[in-house]
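Written out below as structure tokens is the structure these notes cover.
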Amino acid sequence: HDNGMPEENIPARPFMLPGMENAIPQATAALANTAKQVLTKRSAQQVEMGLTRVGLAVQFALRSKINEGIPPPLSERTLRERASRGTKGRKGASKELQRRMAGEQPSTQFAKPLIDTGQLRNAINYVIRDRKKRSA
């Protein structure tokens, strides 16, 4: 999604790097706080909670970036396909088609690129793993 596929007429809609950049202030603060806790010999549970804060900050930033509606707006073909499925979450496609028929400029306000079923956005998660000991 970040790079698109020009040969398949799929435009780039970057959200990973911009979303991670948006998370830098919160993630940095959480890491600094966690480092202080490590230096003051707090419990492993405190460290895990700090790492969880970092993971949640990045997860939230990436999901928020997708929710913004990343340009370019959806094509009319994609809007028609979404609208034809007519399920509850796809009302925005019909609304965007109506706007365009009224002569308004294409927008990502009602029909969001990268959000159809929400599976991509909802799949963004984080994992905290124990680091395995390295052999010498």
Grab the two heavy atoms, one from [X] and one from [Y], that are nearest each other, plus how far apart they are.
{"X": "Pro14", "Y": "Ile70", "answer": "O-CD1, 3.7 Å"}
{"X": "Ala93", "Y": "Ala83", "answer": "CB-N, 3.8 Å"}
{"X": "Lys65", "Y": "Asn22", "answer": "CD-ND2, 4.1 Å"}
{"X": "Ala30", "Y": "Gly50", "answer": "CB-O, 4.1 Å"}
{"X": "Ser107", "Y": "Pro73", "answer": "O-CB, 3.6 Å"}
{"X": "Gln109", "Y": "Lys112", "answer": "O-NZ, 3.4 Å"}

Look up atom [atom1] in [X] and atom [atom2] in [Y], then write down how far apart they are to the nearest 0.5 Å.
{"X": "Asn33", "Y": "Gln46", "atom1": "CG", "atom2": "CD", "value": "9.0 Å"}
{"X": "Glu81", "Y": "Glu76", "atom1": "CD", "atom2": "CD", "value": "12.5 Å"}
{"X": "Leu97", "Y": "Leu79", "atom1": "CG", "atom2": "CG", "value": "4.5 Å"}
{"X": "Gln105", "Y": "Arg99", "atom1": "CD", "atom2": "CZ", "value": "9.0 Å"}

Under 3.5 Å donor-acceptor pairs involving side-chain atoms of residues 117-126, not counting sequence neighbours:
residue, atom, partner, partner atom, Å
Thr117, OG1, Gln119, N, 3.3
Arg121, NH1, Asn67, OD1, 3.0
Asn122, ND2, Gly118, O, 3.2

Side-chain donor/acceptor pairs under 3.5 Å, residues 2-9, sequence neighbours excluded:
residue, atom, partner, partner atom, Å
Asp2, OD1, Phe15, N, 2.9
Asp2, OD1, Met16, N, 3.3
Asp2, OD2, Met16, N, 3.4

Taking the side chain as C-beta and beyond, is there a heavy-atom pair between [X] and [Y] under 4.5 Å?
{"X": "Leu74", "Y": "Arg82", "answer": "yes"}
{"X": "Asp116", "Y": "Arg85", "answer": "yes"}
{"X": "Ile24", "Y": "Met20", "answer": "no"}
{"X": "Leu56", "Y": "Gln26", "answer": "no"}

For the pair [X] (side chain) and [Y] (backbone), establish whether a donor and an acceptor sit closer than 3.5 Å, ignoring hydrogens and angles.
{"X": "Thr40", "Y": "Gln37", "result": "yes"}
{"X": "Ser64", "Y": "Phe60", "result": "yes"}
{"X": "Arg13", "Y": "Pro72", "result": "yes"}

### Task
Say whether Val47 and Val54 are linked into one hydrophobic cluster, either directly or through other cluster members, by side-chain heavy-atom distances under 4.5 angstrom.
yes
### Message
Please say yes or no: joined through hydrophobic side-chain contacts below 4.5 Å, possibly via intermediate residues, are Val38 and Met49 part of one cluster?
### Response
no
### Query
Are Arg100 and Glu104 ion-paired here, with the side-chain N under 4.0 Å from a carboxylate O?
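Looking at Arg100 and Glu104, the cut-off is not met.
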### Message
Could you check whether atom CD of Glu21 has more than 12 heavy atoms from other residues, nucleotides or ligands sitting under 6.0 Å from it?
### Response
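More than 12 heavy atoms, drawn from other residues, nucleotides or ligands, come within 6.0 Å of this atom.
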